[in-house]
Amino acid sequence: MRLDVNALGTFYRMAREGTGLAAGRLTHMTGVETRVGVTKLNFMRGQEIRRDFRTSKTKVGVRVELTGAIEGYSLIVFDRENAIRVVETLLDEADSDAELDVETDEFDRMSRSATTEVGHIMNSGFIDGWADVLETVIDVSTPEFIEGESAEPFFDGVSGSPGDDDLALLFQSRIEAVDTEIGFNHYLFPKRESMGALLDQLRTSEGIEYDKLDGFDRMAERGAEEVAKTATTLTGIETNVEIRRLNFVSLETIPEQVPDEKLVSVAFEFEGVPSGYLIFLFDEESAHEIVDAMVPSSVDEDGFGEMGTSAIKELGNIMASGFLDGWANVLDTAIDHSTPEFVHDMGAAAVDPVIVKLGSNQEFAFVFDTVVVADGREFDCEVYAIADESDLERALNDLDVDRIEETPTTAEFQEVDNA
């Protein structure tokens, strides 16, 4: 199976169109104004997808099977309390005397039926949007109500669902209700053969072997592990990789994914094959925790001081070296990165300059999105690696996947410019 940016761009527009239709139908059905959240094409391993479902909250979903131009499964997933709010809204709209028993862990027949109806209408909105973009027909099975606290109930019966180590293409969208807490996620699990046939129809270039992308994702996984290891060594805070995804997104939506709060970022530009940008984002509490661990006397109440800023830049510099040097070793090339740029500002301010620079040459980007966390202490670090589109394609085509496990990660650290 081969893919290129044009084909993935069509898939992305397909996902956005479907999300818009689904949001409109939810508004029409409930009378609640909705907005489209972030839409992504995720390349995720089965273990990462299952981790998405491992929370303390019970989830409720509606699943349908697709046949025709796309074969696979479409799934709407609510946190249970959000499903309850949707059902209550529907009952209020219908002036029904029925009430949902929120205190129990079970939905009664009417609430299950209402949730299934909402989920089916949402699924149909997504699917109609995809069919419109592809100018084709996609058939939908009878909807199935699912409830559970893990991924297993949602994956049961899904033929071809990814194993723990398999890299799957996953469509993920979010719709939120304005001025309420109602929100849900949508997942499309296309069957590989069906997706391969669509990609062949939509490609306008030779593209990239899917197995090469699989290999590059494994390479990035090693880089993420190196970041966690470096953070542990320098701060004494035991850290590990919690979330790791390879996303294909529109550049203009990347700032929407960054938390809308005051953050500390350390950004780098890297050059070579591939080239691009690497950004480490910390919330303020995590940044203070890092400084306190590395140079306790430097912290002040209003900022980070010269020594604190230097410490965070040093940590970012060494993490960047570990991440990128591993790539360079596997690709048998050179990747140089700039000195770190420290920013203490609202989240989007850290990524906006990158979007402006890349946006002059491309509309979409592959983004390695990783979250590193600590057990028992405040340490959250989001890592965004955004590669130049043409360089990444060249790097992937040249990648020898056999080198990935054989080549050690050896970081060569640059001096930090504290000026």
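These numbers come from the heavy atoms of this one structure, side chains and all, not from hydrogens, waters or symmetry mates.
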*Going through the distances and angles, do His337 and Asn317 end up as a side chain to side chain contact (heavy atoms under 4.5 Å, CB included)?*
CA-CA 9 Å; His337 67 76; Asn317 190 69; 3.3 Å; yes

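- Within the model, atoms CE of Met319 and OG1 of Thr233 stand 11.5 Å from one another, a figure rounded to the nearest 0.5 Å.
- Inter-residue side-chain proximity for Leu263 and Val258 is flagged as met; some heavy-atom pair is nearer than 4.5 Å.
- Minimum heavy-atom separation, Gly215 to Leu399: C-CD2, 3.9 Å.
- Inter-residue side-chain proximity for Val118 and Leu26 is flagged as met; some heavy-atom pair is nearer than 4.5 Å.
- With a 4.5 Å cut-off on side-chain heavy atoms, Val62 and Asn123 count as touching.
- Distance alone, capped at 3.5 Å, is enough to place a donor-acceptor pair between the Thr27 side chain and the Ala23 backbone.
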*asked:* Quick one, Tyr12 with Phe364, criterion ring pair (Phe, Tyr, Trp, His ring centres under 6.0 Å). Give me CA distance, side-chain angles, the key distance, then yes/no.
replied: CA-CA 9 Å; Tyr12 184 85; Phe364 298 99; 5.4 Å; yes

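- Taking the six-membered ring where tryptophan is involved, the planes of Phe280 and Phe268 are perpendicular, since the angle between them exceeds 60° and thus also 30°.
- Between Lys357 and Tyr277, some side-chain heavy-atom pair lies under the 4.5 Å cut-off.
- With hydrogens and angles left out, the side-chain atoms of Asp388 and Ser275 include no donor and acceptor closer than 3.5 Å.
- Using a 4.0 Å cut-off between a side-chain N of Lys or Arg and a carboxylate O of Asp or Glu, Lys262 and Asp345 do not qualify as a salt bridge.
- At a threshold of 4.5 Å between non-hydrogen side-chain atoms, the residues Leu198 and Ile70 count as touching.
- When the shell of 6.0 Å around CD of Glu33 is examined, it contains 12 or fewer heavy atoms from other residues, nucleotides or ligands.
- No side-chain heavy atom of Phe145 sits less than 4.5 Å from a side-chain heavy atom of Ser111.
- Under a 3.5 Å cut-off, the side chain of Asn247 and the backbone N or O of Asp369 do not form any donor-acceptor pair.
- For the residue pair Asp380/Ser286, the side-chain donor-acceptor check at 3.5 Å is not satisfied.
- Applying the 6.0 Å contact sphere to CD of Glu209 captures more than 12 heavy atoms from other residues, nucleotides or ligands.
- Using modelled atom types, one side-chain atom of Thr19 and one backbone atom of Ala15 make a donor-acceptor pair closer than 3.5 Å.
- Contact annotation: the side chain of Leu3 never approaches that of Phe11 to less than 4.5 Å [non-hydrogen atoms, C-beta and beyond].
- We find the CD1-CD distance between Ile279 and Glu269 to be 11.0 Å, quoted to the nearest 0.5 Å.
- Looking at Arg63, its side chain does come within 3.5 Å of a backbone N or O of Phe154 through a donor-acceptor pair.
- Between atom CG of residue Leu246 and atom CG of residue Asp217 there is a gap of 5.5 Å, rounded to the nearest 0.5 Å.
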*Could you give me the CA-CA distance, side-chain angles and deciding distance for Lys59 and Asp79, then say whether salt bridge (Lys or Arg N to Asp or Glu O under 4.0 Å) is met?*
CA-CA 5 Å; Lys59 295 186 183 297; Asp79 286 339; 2.8 Å; yes

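- Atom NZ of residue Lys229 and atom CG of residue Asn240 lie 13.5 Å apart, to the nearest 0.5 angstrom.
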*Could you go step by step and tell me if Glu389 and Val5 meet the side chain to side chain contact (heavy atoms under 4.5 Å, CB included) rule?*
CA-CA 8 Å; Glu389 181 181 289; Val5 171; 3.5 Å; yes

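- A donor-acceptor pair shorter than 3.5 Å can be found between the side chains of His344 and Glu284.
- Here the OG1 atom belonging to Thr235 is positioned 7.5 Å from the CE atom belonging to Met294, to the nearest 0.5 angstrom.
- Looking at Asn82, its side chain never comes within 3.5 Å of a backbone N or O of Phe78 through a donor-acceptor pair.
- Closest approach of Gly119 and Ile76 over heavy atoms only: O-CG1, 3.7 Å.
- The environment of Gln362 atom CD is dense: over 12 non-hydrogen atoms of other residues, nucleotides or ligands sit within 6.0 angstrom.
- Between the side chain of Ser113 and the main chain of Arg109, no donor-acceptor pair closer than 3.5 Å is present.
- The backbone N or O of Ala231 sits nowhere less than 3.5 Å from a side-chain atom of Thr239 that would complete a donor-acceptor pair.
- The existence of a salt bridge linking Arg80 and Glu147 is confirmed by a sub-4.0 Å separation between a basic side-chain nitrogen and an acidic carboxylate oxygen.
- The two atoms that bring Gly207 and Asn397 nearest to each other are O-OD1, 3.6 Å, heavy atoms only.
- Under a cut-off of 6.0 angstrom, the local environment of CD in Glu135 is sparse, with at most 12 non-hydrogen atoms contributed by other residues, nucleotides or ligands.
- Between Val354 and Ile386 the shortest side-chain heavy-atom distance falls below 4.5 Å.
- Between the side chain of Thr230 and the backbone N or O of Glu226 there is at least one donor-acceptor pair closer than 3.5 Å.
- Across all their heavy atoms, Leu281 and Ser265 have their closest contact at CD2-CB, 3.3 Å.
- Counting only distance, with no hydrogens or angles, the side chain of Thr232 and the backbone of Glu238 share no donor-acceptor pair below 3.5 Å.
- A ring-centre distance under 6.0 Å is found for Phe366 and Phe248.
- From Ser390, atom OG reaches atom CG of Asn361 across 7.5 Å, with rounding to the nearest 0.5 Å.
- Looking only at distances, no side-chain donor or acceptor of Thr333 sits under 3.5 Å from a matching main-chain atom of Asn329.
- Of all heavy-atom pairs between Leu278 and Ala385, the closest is CD1-CB, 3.8 Å.
- Taking both residues in full, the closest heavy atoms of Asp391 and Gly272 are given as OD2-O, 3.9 Å, listed atom of the first, atom of the second, then distance.
- Tested against Phe368 for a ring pair (Phe, Tyr, Trp, His ring centres under 6.0 Å), the candidates Phe43, Tyr384, Trp327, Phe323 yield a single pass: Trp327.
- Salt bridge annotation for Asp211-Arg192: present, with a cationic side-chain nitrogen under 4.0 angstrom from a carboxylate oxygen.
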